[in-house]
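Presented below is the structure to which this report refers.
Side chains are part of it too, since the values below use all heavy atoms of this structure and drop only hydrogens, waters and symmetry mates. Because the structure is a prediction, the values reported are computed rather than measured.
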Amino acid sequence: MKIYNKRAKFKYHILEKVEAGIVLTGAEIKSLRSGRADLSESFARITNGEVFLVNAHIFPWIGTEKLADPHRQRKLLLHKKQILNWQGKIAGGKLTLVPLSIYLKGNLAKVELALAKTKAKFDKRAALKKKVVERDIERELRGRK
């Protein structure tokens, strides 16, 4: 099951992508297997040389006795060189780390993390107009066949 951050490509220009591991509890893995997570308002933060996923909502598993905080910070597993490289880029400009998706690869949970730049309001409008035009062209092509 792959859970996407649907707002990420609308809000940001994606510059670089990387796959990172994520530290989760057993109940959170069960929730991910059933597709119960939301990445819409989440982002990643680098603190003390470690990367943490913030605001990712993984719904609590129903069968657990002890309910964990669904919004807790979760540690992401990256190589030290990648962290230092991205930390330098973030400090140099108006860039942020955004999770694009979270998925299971074998028995491991992975996060597709992107270095992104915020889109301006007119860029978002242009993207919506382009989408409408492409949809109209598709509709016309289907109607002619």
Side-chain angles (χ1 to χ4, degrees), residues 1-139 142:
M1 168 88 17
K2 196 167 191 177
I3 296 146
Y4 294 98
N5 185 352
K6 296 173 186 173
R7 302 291 296 165
K9 290 186 180 175
F10 178 72
K11 287 183 173 180
Y12 302 100
H13 292 289
I14 306 301
L15 304 176
E16 294 179 32
K17 294 180 188 177
V18 70
E19 180 183 71
I22 184 170
V23 178
L24 297 173
T25 63
E28 290 173 334
I29 288 287
K30 289 179 183 180
S31 292
L32 279 183
R33 288 191 193 282
S34 64
R36 300 193 57 200
D38 181 26
L39 296 174
S40 60
E41 295 297 322
S42 61
F43 60 95
R45 178 182 293 150
I46 300 175
T47 53
N48 297 330
E50 296 179 332
V51 183
F52 291 94
L53 185 63
V54 181
N55 264 357
H57 186 85
I58 298 178
F59 294 91
W61 184 249
I62 298 165
T64 57
E65 297 168 7
K66 183 180 95 175
L67 295 176
D69 179 24
H71 288 288
R72 73 177 181 89
Q73 290 188 10
R74 294 164 180 91
K75 186 175 179 180
L76 298 179
L77 306 172
L78 288 165
H79 292 285
K80 196 68 166 180
K81 285 183 180 180
Q82 289 174 325
I83 295 171
L84 292 174
N85 183 17
W86 278 13
Q87 192 171 17
K89 289 180 181 180
I90 290 171
K94 295 182 178 182
L95 301 176
T96 186
L97 293 174
V98 179
L100 299 178
S101 63
I102 187 168
Y103 55 93
L104 296 170
K105 190 174 186 181
N107 289 331
L108 304 174
K110 301 288 183 175
V111 175
E112 187 177 15
L113 196 62
L115 185 66
K117 184 176 181 180
T118 306
K119 283 184 181 179
K121 195 171 189 175
F122 62 87
D123 286 338
K124 293 178 189 177
R125 287 187 197 138
L128 287 174
K129 286 179 186 177
K130 183 179 177 185
K131 198 177 207 180
V132 169
V133 168
E134 287 175 358
R135 193 178 310 131
D136 290 341
I137 290 171
E138 256 326 291
R139 197 175 296 136
R142 273 188 270 131

Give, for atom [atom1] of [X] and atom [atom2] of [Y], the distance between the pair rounded to the nearest 0.5 Å.
| X | Y | atom1 | atom2 | answer |
| --- | --- | --- | --- | --- |
| Leu100 | Leu39 | CG | CG | 9.0 Å |
| Lys119 | Arg125 | NZ | CZ | 13.5 Å |
| Arg142 | Arg139 | CZ | CZ | 7.0 Å |
| Leu97 | Phe43 | CG | CZ | 10.0 Å |
| Leu113 | Leu76 | CG | CG | 6.0 Å |
| His57 | Ile3 | NE2 | CD1 | 11.5 Å |

Would you say that [X] contacts [Y] through its side chain, given a criterion of any heavy-atom pair below 4.5 Å between the two side chains?
| X | Y | result |
| --- | --- | --- |
| Asp136 | Val132 | yes |
| Tyr103 | Glu19 | yes |
| Ile83 | Glu50 | no |

Looking at every non-hydrogen atom in both residues, tell me the closest pair between [X] and [Y] and how far apart they are.
| X | Y | answer |
| --- | --- | --- |
| Leu104 | Ile29 | CD2-CD1, 4.5 Å |
| Ile58 | Glu28 | CG2-O, 3.9 Å |
| Ile46 | Trp86 | CD1-C, 4.4 Å |
| Tyr12 | Ala116 | CB-CB, 3.5 Å |
| Pro99 | Ala44 | CD-N, 4.5 Å |
| Ser34 | Ser31 | OG-O, 2.9 Å |

Open item on the list: Taking atom OH as the centre, does Tyr4 end up with more than 12 heavy-atom neighbours from other residues, nucleotides or ligands that are less than 6.0 angstrom away?
Closed with: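 Check fails, neighbour count at 12 or below.
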Task: Heavy atoms from other residues, nucleotides or ligands near NZ of Lys2 exceed 12 (cutoff 6.0 Å) - done: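 Yes.
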Task: Arg45 side-chain N/O to Gln73 backbone N/O, donor-acceptor pair under 3.5 Å - done: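 A pair under 3.5 Å: no.
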Open item on the list: Between Asn85 and Gln82, does the side-chain contact (heavy atoms from CB on, under 4.5 Å) criterion hold? Intermediate values first, please.
Closed with: CA-CA 5 Å; Asn85 183 17; Gln82 289 174 325; 5.6 Å; no
Task: Residues Arg72, Thr25; criterion side-chain contact (heavy atoms from CB on, under 4.5 Å); working and verdict - done: CA-CA 11 Å; Arg72 73 177 181 89; Thr25 63; 3.8 Å; yes
